[in-house]
Amino acid sequence: MTSTNSYSQRIEQLHQLIADADYVLIGAGAGLSAAAGLDYVGEDFHREFAEWINRYGISDLYSASFYPYKTEEELWAQWAKHLWFARYRPEALQLYRQLFDVVQKKNYFVITTNVDGQFKKAGFDMERIFATQGDYALFQPKSGFPKETWSNQDWVNQVLTFIKDCRIPAELIPHTPDGKPVSLNLRCDDTFVEDAHWHQQASRYQSFVEQASTKRLLLLELGVGFNTPVIIRFPFERMAAAFPQTTLVRFNRDYPQLTTEGVKRFISFTEELTEIMPLLSYSTRFAALH
């Protein structure tokens, strides 16, 4: 079932697939958060980061984190503002809440490369979320050892009020409990900390896939491009090719195509997620099937 049907026919197919699925595996990339409205270059960014834009010439939140700040006081002022803006300021966005409504009554699991915490905010069970690339909400030792992470929310809340001229006081630069440098728990290099929780979720993900492999498994891949395709995109295609009752549904405006041979049950959507997701809600799906 490689579908080239009309939009309404594909929606109808998806309603049935969701209803029939024994397992639903969500794979989410940056495109999902972008579609949900986490815009790191828009009006909100320009308003909140006007001082950084004027002082350093940064153009977006992503590049701001790679700017070669001359002092630690400047670097950590940026990170405090960055973490507040991207992780703590936003509530659960509507698109994520709608996605939760679609799967909450199913046996679901989430694997995501996003680090913004939106799945947790939207109500997804934390034990069913594997955030492979880290979380904005966590600090780790900069060296990568020991393999531990901890919340940075209290630090962010404390530091925000002390930012002046794009700097924080030296005494507010974060450190490990024993005074060593820290970094964000984001996968940038081989110092990324995969702590006990990370490994626990990796194991739960593998167990979910194994259990679903012979059942009716629905793969919902949302906004996953070719930045890190080996984490979600390619494995999802391999599952769809290898598992007998698995269907891959890809939501991707720019890259809907398959790159793996042998995938027989496949539907793609290039339409906007904000238009599609309300049509897939539990109440809408229930009405369509009765």
Side-chain angles (χ1 to χ4, degrees), residues 14 24-42 60-63 65-66 82 85-87 90 92-100 102-103 108-124 126 128-138 184-188 192 194 198 201-202 204-206 208-209 217-241 246-260 263 266-277 280:
L14 188 47
V24 178
L25 179 56
I26 294 170
L32 175 59
S33 286
L38 284 179
D39 182 4
Y40 296 160
V41 298
D60 61 86
L61 194 65
Y62 181 76
S63 63
S65 61
F66 291 97
H82 185 135
F85 184 84
R87 182 62 172 81
L93 298 170
Q94 184 177 27
L95 191 57
Y96 278 89
R97 288 189 277 108
Q98 291 169 338
L99 179 58
F100 180 59
V102 171
V103 302
Y108 72 84
F109 198 91
V110 175
I111 179 171
T112 182
T113 54
N114 296 341
V115 297
D116 49 43
Q118 276 293 315
F119 281 104
K120 178 182 178 181
K121 291 181 181 183
F124 287 80
M126 281 294 294
R128 300 184 182 203
I129 304 169
F130 180 27
T132 66
Q133 306 300 77
D135 190 326
Y136 271 143
L138 300 176
L184 275 297
N185 184 228
L186 307 175
R187 191 184 298 277
C188 299
F192 175 70
E194 297 175 355
W198 190 99
Q201 296 312 107
R204 285 174 171 157
Y205 170 61
Q206 291 301 326
F208 184 91
V209 171
L217 170 62
L218 177 60
L219 303 171
L220 298 179
E221 183 196 291
L222 304 107
V224 179
F226 287 96
N227 187 23
T228 52
V230 297
I231 297 173
I232 297 171
R233 189 180 181 99
F234 294 165
F236 271 38
E237 291 186 2
R238 289 195 294 269
M239 282 185 247
T246 294
T247 304
L248 169 59
V249 180
R250 173 169 288 157
F251 303 87
N252 199 304
R253 184 185 62 192
D254 300 318
Y255 306 108
Q257 70 276 15
L258 287 169
T259 55
T260 300
V263 177
F266 174 68
I267 301 173
S268 66
F269 288 87
T270 57
E271 294 83 2
E272 294 295 331
L273 273 169
T274 51
E275 297 177 6
I276 298 170
M277 207 55 62
L280 303 180

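Please read these numbers as outputs of a predicted model, since none were measured by experiment.
Contact of the Val103 side chain with the Val110 side chain is not registered, since no non-hydrogen atoms from C-beta on lie closer than 4.5 Å. With contacts defined as side-chain heavy-atom distances shorter than 4.5 Å, the pair Ile111/Phe236 qualifies. Residues Val41 and Tyr62 have side chains not in contact (no heavy-atom distance under 4.5 Å, counting atoms from C-beta outward). Phe226 places a side-chain heavy atom less than 4.5 Å from the side chain of Thr259.
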Go through the steps to decide whether Lys120 and Asp135 satisfy the test side-chain contact (heavy atoms from CB on, under 4.5 Å), and finish with yes or no. CA-CA 11 Å; Lys120 178 182 178 181; Asp135 190 326; over 6 Å; no
Working note: Thr112 + Leu32, criterion side-chain contact (heavy atoms from CB on, under 4.5 Å); need CA distance, chi angles, decisive distance, verdict. CA-CA 10 Å; Thr112 182; Leu32 175 59; over 6 Å; no
Given the rule in the side-chain contact (heavy atoms from CB on, under 4.5 Å) test, do Gln98 and Leu273 qualify, once you have shown the distances and angles that lead to the verdict? CA-CA 10 Å; Gln98 291 169 338; Leu273 273 169; over 6 Å; no
Apply side-chain contact (heavy atoms from CB on, under 4.5 Å) to the pair Ile231 and Gln133, showing each step before the final yes or no. CA-CA 10 Å; Ile231 297 173; Gln133 306 300 77; 3.6 Å; yes
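Environment of CZ in Phe234: crowded, with over 12 heavy atoms of neighbouring residues, nucleotides or ligands closer than 6.0 Å. Other residues, nucleotides and ligands contribute over 12 non-hydrogen atoms within 6.0 Å of the CG atom of Asp39. Summarising the local packing, CZ of Arg253 is surrounded by 12 or fewer heavy atoms from other residues, nucleotides or ligands at distances under 6.0 Å.
Expressed to the nearest 0.5 Å, how far OH of Tyr108 lies from CZ of Phe208 amounts to 10.0 Å. One distance of note links CG of Leu93 with OG1 of Thr274; it measures 12.0 Å at 0.5 Å rounding. Taking CG from Leu222 and CZ from Arg250, the interatomic distance works out to 11.0 Å, rounded to the nearest 0.5 Å. Distance CD/Glu271 to CG/Asn252: 12.0 Å, rounded to 0.5 Å. The line from CD1 of Ile232 to OG1 of Thr132 is 6.0 Å long, rounded to the nearest 0.5 Å.
Closest approach of Leu38 to Asp116, counting heavy atoms only: CD1-OD2, 3.4 Å. Minimum interatomic distance between Leu99 and Met277 (heavy atoms only, all atoms of both residues): N-CG, 3.8 Å. Across Arg233 and Val224, no two heavy atoms sit closer than the pair NH1-O, 2.9 Å. Scanning both residues, Val24 and Leu220, for their nearest heavy atoms gives CG1-CD1, 3.8 Å. In plain terms, the two heavy atoms of Met239 and Leu219 that are nearest each other are CB-CD1, 4.1 Å. For Phe266 against Val263, the heavy-atom pair with the smallest separation is CB-CG1, 3.9 Å.
Taking the ring centroids of Phe124 and Tyr96, they lie at or beyond the 6.0 Å cut-off.
Judged by a 6.0 Å distance limit and a 45° cone about the ring axis, Arg204 is not positioned over the six-membered ring of Phe109.
Of the possible polar contacts, one joining the Asn114 side chain to the Ala30 backbone as a donor-acceptor pair under 3.5 Å is found. At distances below 3.5 Å, not a single donor-acceptor pair connects side-chain atoms of Gln201 with backbone N or O atoms of Ala131. Judged by distance alone, with hydrogens and angles left aside, the side-chain atoms of Arg187 form no donor-acceptor pair with the main-chain N or O of Phe192 at under 3.5 Å.
Ring-plane geometry between Phe251 and Phe269 is classed as parallel, the angle between the planes falling under 30 degrees on a 0 to 90 degree scale with a further cut at 60.
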